[in-house]
Colleague: 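What follows is a single structure, and I will ask about it in a moment.
None of the values given here were measured: they were computed from a predicted structure.
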Protein chains: 2
Amino acid sequence: MAKANGNQAGTPRGRRPKGQGPDLREAILNAAEGLFSRHGFYGVTVRQVAAEAGVDTALIHYYFGAKRELFDSVFARRAEILNEARLGAMRAYQAAQPDSMTVEGVIEAFIGPLVDLSMTDDPHWKNYFRLVALVNNTPDWGGETMHRYFDPVVHRLIDALKAAMPDAEIRDLYWCYQFLTGSMMLALSETGRIDQLSDGLCRSSDMQAVRARLFAYCAAGIQEVVRRHPEA
Amino acid sequence: MAKANGNQAGTPRGRRPKGQGPDLREAILNAAEGLFSRHGFYGVTVRQVAAEAGVDTALIHYYFGAKRELFDSVFARRAEILNEARLGAMRAYQAAQPDSMTVEGVIEAFIGPLVDLSMTDDPHWKNYFRLVALVNNTPDWGGETMHRYFDPVVHRLIDALKAAMPDAEIRDLYWCYQFLTGSMMLALSETGRIDQLSDGLCRSSDMQAVRARLFAYCAAGIQEVVRRHPEA
DNA sequence: GTCTATAAACAGATAGAC
DNA sequence: GTCTATCTGTTTATAGAC
């Protein structure tokens with residue numbers, strides 16, 4: 001990934017269009033989100049985004065500058081909303097169960113909001129989660145991006161887990177978080193793999209099935225690792 | 001992804017070069033493997049592969065044809081070896097414990113060979129696992145590719161889990177497999193994310209730490225899901 | 001704000017010399 | 001087998017008309 005040339009002064013990049021009819025800026029972001037999430041950054045051309053959004057390529061550069069800045073705008077747009085939802089859920093749970101937090105309760109507060117958003121009628125969140133999964137799995141520049149946007153809420157999770165299990169080793173919690181996020185992101189990105197593997201018995205779009213299993217799965221795994229606290 | 005034009009007759013694509021000095025065919029595959037695994041299919045140009053391998057682009061087309069065929073060749077090359085290693089480990093475990101298989105034992109037979117190969121001095125396996133993780137996370141065409149190469153060994157895992165837990169619901173096992181593979185692939189692709197998140201306390205290259213935790217984590221999770229057998 | 005037109009660079013792929 | 005040279009189409013990005 002090349003260097004992202006910072007916005008020069010004077011260019012109207014990032015400004016919202018006036019409130020007149022269809023918001024083309026949002027249309028561009030939605031189109032880019034869907035395409036990037038399915039084909040990756042390099043697998044999508046600016047022209048495809050323009051065609052999908054029903055605008056010209058020049059307009060995309062007018063609003064967002066370079067292609068990479070468009071991608072960053074897509075990623076950033078829902079990150080704040082998502083972080084608010086998660087922090088709210090975790091705060092609410094910690095407030096409701098100040099002295100009897102369970103591991104599974106903490107996990108549910110951390111993952112639940114994502115599953116809920118994915119089950120909304122709004123299909124854009126599914127695209128966004130696919131995109132986050134893709135970034136999370138990008139060794140090249142994904143780590144830096146995840147770090148910038150999502151580390152605070154993850155540290156909040158680690159703290160809550162530590163509160164629920166005071167004897168837990170911090171290193172174990174970090175590793176368990178990685179296992180957890182791998183499962184969560186794959187489930188949320190709905191790759192269709194499980195449909196084919198199970199010959200239709202399971203459908204990757206079945207978020208109800210995920211909800212019914214993922215929290216318990218992760219909670220049991222974490223507790224077992226903490227219980228053994230390996231020294232390696 | 002465009003149509004893959006089938007090999008016309010007469011072209012020497014896929015043939016091995018004669019045994020003379022450095023094997024350029026393998027050099028190309030190794031270069032492509034490393035680059036594709038880090039930047040994805042569209043993020044790598046044939047010219048980059050050629051430069052990395054120290055050959056000309058024309059030679060790549062001579063050996064492999066189109067870019068997509070090169071990618072498929074990279075993916076297929078180690079798939080067979082990997083499947084053999086896994087099937088061997090699972091067969092060996094089932095033979096050693098015919099009547100007392102544990103869930104964790106089955107899991108270890110399934111994941112262990114990958115961790116072992118990753119800990120080898122040969123760095124190419126790490127690249128390959130990164131590549132598989134990337135394909136596994138590609139909604140577009142990844143499912144089909146995974147299906148073609150890896151479904152048999154996964155079904156073998158499902159069967160072994162069912163043997164270890166006769167009362168288990170098949171649907172639960174498929175879902176748990178998805179959770180498991182998400183954790184496993186993320187851990188094996190060594191994205192560096194946990195290094196940054198934990199501020200150096202954990203290193204994603206520390207396969208010993210993975211080995212000490214992942215098996216127990218997955219086994220406990222699966223057993224808990226099976227124990228509850230949700231109906232959703 | 002939005003589009004037309006186009007510049008400038010780069011991609012995948014092949015023909016043909018050696 | 002391997003490389004030089006090149007064709008052809010596409011890509012990002014911008015300048016400027018409206």
Colleague: Using a 4.0 Å heavy-atom cut-off across all strands, classify B:Val44 as base, sugar-phosphate, or nothing.
Modeller: sugar-phosphate
Colleague: Nearest-Å distance, CG (A:Leu59) to C1' (C:dT2)?
Modeller: 6 Å
Colleague: Output the rounded distance in Å from CG (A:Leu35) to C1' (D:dT11).
Modeller: 16 Å
Colleague: Quick one: is B:Tyr63 getting a side-chain N or O under 4.0 Å of the D:dT2 phosphate, OP1 or OP2?
Modeller: yes
Colleague: A:Ile28 CD1 to C:dT2 P: how many Å, rounded?
Modeller: 8 Å
Colleague: Let me know, please, whether B:Val55 or A:Asp56 comes out on the 5' side of the other along DNA chain D by nearest nucleotide.
Modeller: B:Val55
Colleague: Rounding to a whole Å, what distance do you find between B:Asp23:CG and D:dG1:P?
Modeller: 11 Å
Colleague: To the nearest angstrom, how far is B:Tyr42 atom OH from C:dC10 atom P?
Modeller: 22 Å
Colleague: Can you tell me if CZ on A:Arg203 sees more than 12 non-hydrogen neighbours from other groups inside 6.0 Å?
Modeller: no
Colleague: For B:Arg68 and C:dG12, give me the distance from atom CZ to atom C1', rounded to whole Å.
Modeller: 15 Å
Colleague: Given atom CZ of B:Phe41 and atom P of C:dG12, what is their separation to the nearest angstrom?
Modeller: 8 Å
Colleague: Could you tell me whether A:Glu108 and A:Arg211 make a salt bridge, using a distance below 4.0 angstrom between a side-chain N and a carboxylate O?
Modeller: yes
Colleague: In whole Å, I'd like the distance from the CZ atom of A:Phe71 to the P atom of D:dT11.
Modeller: 19 Å
Colleague: OP1 or OP2 of C:dT14 less than 4.0 angstrom from a side-chain nitrogen or oxygen of B:His61, does that happen here?
Modeller: no
Colleague: Checking ring pair (Phe, Tyr, Trp, His ring centres under 6.0 Å) between A:Phe75 and each of A:Tyr149, A:Trp141, A:Phe36, which is the one that passes?
Modeller: A:Tyr149
Colleague: Find the distance between CG (B:Leu214) and CE (B:Met184) and round it off to the nearest 0.5 Å.
Modeller: 8.5 Å
